[in-house]
2 protein chains.
Amino acid sequence: MSTTAARRVSVKDVAAAAGVSLGTVSNVLNHPEKVSAATRDRILAVIDELGFVRNDAARQLRAGHNRAIAMIVLDVANPFFTDVAHSVETEFAAQRQPLILADSSQDPAREATYLDLFEEQRIGGILITPVGRVLPRLRQLRDRGTAIVLVDRKAGAREFSSVSVDDRRGGRLAAEHLLETGRRRLAFVGGPAALAQVRDRHVSARSAVEEHPGATLRFIETDTMDARAGRRATDRLLALPAAERPDAIFAANDLVALGVLQALTLAHVSVPDDIALIGYDDIEFAASAAIPLSSIRQPRDELGRQAAQMLRDVIADPSAPVRHVVLEPELVVRRSTVR
Amino acid sequence: MSTTAARRVSVKDVAAAAGVSLGTVSNVLNHPEKVSAATRDRILAVIDELGFVRNDAARQLRAGHNRAIAMIVLDVANPFFTDVAHSVETEFAAQRQPLILADSSQDPAREATYLDLFEEQRIGGILITPVGRVLPRLRQLRDRGTAIVLVDRKAGAREFSSVSVDDRRGGRLAAEHLLETGRRRLAFVGGPAALAQVRDRHVSARSAVEEHPGATLRFIETDTMDARAGRRATDRLLALPAAERPDAIFAANDLVALGVLQALTLAHVSVPDDIALIGYDDIEFAASAAIPLSSIRQPRDELGRQAAQMLRDVIADPSAPVRHVVLEPELVVRRSTVR
DNA sequence: CGACGAGGTTGAAACCTTTCAACCGTTCAG
DNA sequence: CTGAACGGTTGAAAGGTTTCAACCTCGTCG
């Protein structure tokens, strides 16, 4: 209770004040059942009295590793990632394992810096959605004993366990929904095309379209995945001759979809009457948009939970065979696609 | 280059392999200028060869403190906070000081857990937007040597330095804008009323309204600050007799405003023709809404930069007098308030 | 009555880095 | 020629925790 000004209190101080050896104090902290009730209470009282706080650095030094888990996300500004992170955090918080969140901001240099840092910290494990060509570096980390699980990426899947969502299935769900509601001239908006996510969603949408005679799919590539990109792509679409103008737009994520929606509203194009619109991710803002957005929901909570679980498994047995969990996305129908 | 399988390499191993004392290896790492070029190169080669990685725990133990900075935010799901965090991170990244992001999720218990954790880690400093009644705890931390800066909160301002944005000014800006564009029956939506932010924005809006004869302000309290709260509050407003229905709504933040907008659109109430709408924060989604939202922009980048700077100052001189930086918000006019 | 085991407690070692006083050999000024 | 200064290197100490074999004290059983 009292806040003594003494700079820093160590186990040694506690032991001296309580008249026991420091091994016993440590036992109170880590194996209370080994200590008699009387001694325990006395020591706890002294700890409180002196304001003793464990020194985590010393503990880690001794243990040889860090209990904390690190997660490197692509972009904290994207609600999809923060939701996944939130779920991971909840999962680890249960056993008091802190989650350190790092944002690579899609920058390979930052990503590398964080990896260095975490290795110096002997961090317990890393969840990562890789940006740059980090596979060799990850391999090195793994060989030196750091557990690694890939999130939402299958690159390097042969070497590292991963948790992801089936983007092909999602792309197909979106396209089929549009086709089933009578749309025939589809447009896919997203990019850059090199992104695996974009490629998978696009390719599978195309294959669904090809099964419907008379239906077409146009690909409008963007260089980013935010609302501005959606607005600009829409301007291009609206400039097309009336006959070519799509009657449905599939945006590669919800941020892009929100931009598309905004541009359409500005141009007095009715959604969904004139053009149906579907996004991807089902972030909270999709439901809150002025015209609630149909979307492909990625099970973010489940993604986070599974990632946490898998990382725990890899930590427990690093030599176990590589494993992959692929989750199923789900179609969420709202006003932007049906009248 | 080679990845030897030897479990863990320490300075001692490097020293032995290079035929020098371990003090010299340490100097290469920390004071390269003290070591002759030849020795330095040889040691660096060995470090590379052996794959030596500094052990941060030992370093910290020796140093007595942790270089890392921690930031405890109210809610990672709110883009306002992630933007501020992003700015703080960029600021610290410049000198390779990692930022550990923690999410209290508005839960006092989680907040307390993180504070415990950071104290055990002897973390270099903490940026916090407090939730619970943590002032005594923060005082304790400060007394034991942890630097603390409050972000976006002035509670306990007499004891801790802080960086915030002037909510009274923001509330006034919003109300005056609505009044100047001819609105007279205003409604303020937000809550809970106990939140300092909500109180300040509301009170100052009210005082602006009172300066305009004939203008009125109604307070609709919500229990959270998300889109759903905005939708529900709007339903209550729309149920009012026509004469009492407001012609302008000031939402306490943009998430709430988006909910309001959605409910209004559903009810076929035209924005801004029938009802003008202004939010607060100017998150990215405000501009991307189907009807772009007028809002009060908080200088998030500046907030983060200043917070980082101030924390550095407090760390450098803990006994310096408490200081407060209050930033100015800014009115951003978009389609939701002007025809 | 002696041996043994259980329950508690102890003390030293180990973890790895950084710092700092001391040291060595060389050079330079006086 | 002496003494001091200098650049470079060394070795030991310190920092706080956890673990573990050893030890002590009783009580119990044979």
Side-chain angles (χ1 to χ4, degrees), chain A residues 6-44 46-47 50-68 116-117 119-124 144-145, chain B residues 6-44 46-47 50-68 116-117 119-124 144-145:
Chain A
R7 218 56 238 143
R8 275 307 183 189
V9 183
S10 75
V11 259
K12 201 196 290 184
D13 302 322
V14 174
V20 296
S21 83
L22 82 190
T24 301
V25 178
S26 176
N27 277 336
V28 169
L29 262 23
N30 302 292
H31 308 283
E33 77 285 355
K34 290 187 177 177
V35 181
S36 74
T39 321
R40 187 167 56 227
D41 291 348
R42 185 157 42 94
I43 293 177
L44 286 175
V46 172
I47 285 177
L50 265 44
F52 166 75
V53 177
R54 252 202 193 98
N55 183 323
D56 200 48
R59 188 227 276 266
Q60 267 173 224
L61 175 59
R62 177 68 235 240
H65 62 92
N66 191 331
R67 296 164 30 80
D116 289 353
L117 178 75
E119 185 171 23
E120 289 191 4
Q121 303 206 103
R122 307 289 191 267
I123 207 92
R144 290 183 192 153
Chain B
R7 220 55 239 144
R8 275 307 182 189
V9 183
S10 77
V11 259
K12 201 197 291 185
D13 302 322
V14 174
V20 297
S21 84
L22 82 189
T24 302
V25 177
S26 177
N27 278 336
V28 169
L29 262 23
N30 302 293
H31 307 282
E33 77 284 357
K34 291 187 177 178
V35 181
S36 73
T39 321
R40 187 167 56 226
D41 292 349
R42 185 156 42 97
I43 293 178
L44 286 174
V46 172
I47 284 177
L50 262 45
F52 165 75
V53 177
R54 251 201 193 99
N55 183 324
D56 199 48
R59 185 225 277 267
Q60 266 171 225
L61 176 59
R62 179 68 236 246
H65 62 92
N66 190 332
R67 294 166 31 80
D116 289 354
L117 178 75
E119 185 172 21
E120 289 190 4
Q121 303 204 95
R122 306 290 191 266
I123 206 93
R144 290 183 192 152

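All values below were derived from every heavy atom in this structure, side-chain atoms included, with hydrogens, water molecules and symmetry-related copies excluded. To find a chain, count down the sequence lines: A is the first, B the second, and so on, and within it residues start at 1.
One atom, CG of B:Asn27, and another, P of C:dA21, lie 14 Å apart when rounded to the nearest Å. The CG atom of A:Leu29 sits 15 Å away from the P atom of C:dT9 (whole-angstrom rounding). Rounded to whole Å, the distance from CG on A:Leu50 to C1' on D:dG16 is 15 Å. The distance between atom CZ of B:Arg8 and atom C1' of C:dC16, rounded to the nearest whole Å, is 12 Å. Rounded to whole Å, the distance from CG on A:Asp13 to C1' on D:dG15 is 13 Å. Between the NZ atom of B:Lys34 and the P atom of D:dC6 there is a distance of 15 Å, rounded to whole Å. Straight-line distance from the CG atom of B:Leu22 to the P atom of D:dA12: 10 Å, rounded to whole Å. With rounding to whole Å, A:Arg122 atom CZ is found 13 Å from C:dC15 atom P.
Near-neighbour residues of DNA chain D inside residues 56-66 of chain A, defined by a heavy atom below 4.0 Å, number-ordered: A:Ala58, A:Arg59, A:Arg62.
For B:Arg54, a side-chain nitrogen or oxygen approaches OP1 or OP2 of C:dT18 to under 4.0 Å. OP1 and OP2 of C:dT9 both lie 4.0 Å or more from every side-chain N or O belonging to A:Ser21. One finds no side-chain N or O of B:Asn55 lying less than 4.0 angstrom from the OP1 or OP2 phosphate oxygen of C:dT17. At C:dG8, none of the side-chain N or O atoms of A:Thr39 fall inside 4.0 Å of OP1 or OP2 (strictly under the cut-off). The phosphate of D:dT19 (OP1 or OP2) has a side-chain N or O of A:His31 nearer than 4.0 angstrom.
Listed nucleotides: D:dT19, C:dC16, C:dT9. Nearest to the side chain of A:Thr24: C:dT9. When each of C:dT17, C:dG8, D:dT17 is scored by its nearest atom to the side-chain atoms of A:Ser36, the top-ranked nucleotide is C:dG8.
Axis orientation changes by 50° from one end of the helix from C:dC1-D:dG30 to C:dG30-D:dC1 to the other, with each end axis drawn from 5 pairs and the value rounded to 10°.
Put simply, the side chain of A:Arg8 gets close to the backbone of B:Arg144: a donor and an acceptor are under 3.5 Å apart.
Distance OG/A:Ser26 to NZ/A:Lys34: 9.5 Å, rounded to 0.5 Å.
Minimum heavy-atom separation, B:Asn55 to A:Leu61: ND2-CD1, 4.2 Å. The shortest non-hydrogen separation linking B:Ala17 to B:Leu50 is CB-CD2, 4.1 Å. Between A:Arg40 and A:Val28, the shortest heavy-atom distance links the atoms CG-CG1, 4.1 Å. Taking each heavy atom of B:Val11 and B:Leu22 in turn, the nearest pair found is O-CB, 4.4 Å. For the residue pair A:Phe52 and A:Val9, the shortest heavy atom distance occurs at CD1-O, 3.3 Å. Closest non-hydrogen pair, B:Val35 versus B:Thr39, comes out as CG1-CB, 3.8 Å.
When side chains are defined from C-beta on, A:Arg59 counts as touching A:Arg54, because their heavy atoms get closer than 4.5 Å. Under the 4.5 Å side-chain criterion, counting only non-hydrogen atoms from C-beta, B:Leu29 is in contact with B:Ile47.
Residue A:Ser26 is in base contact, counting any heavy-atom pair closer than 4.0 Å across all strands shown.
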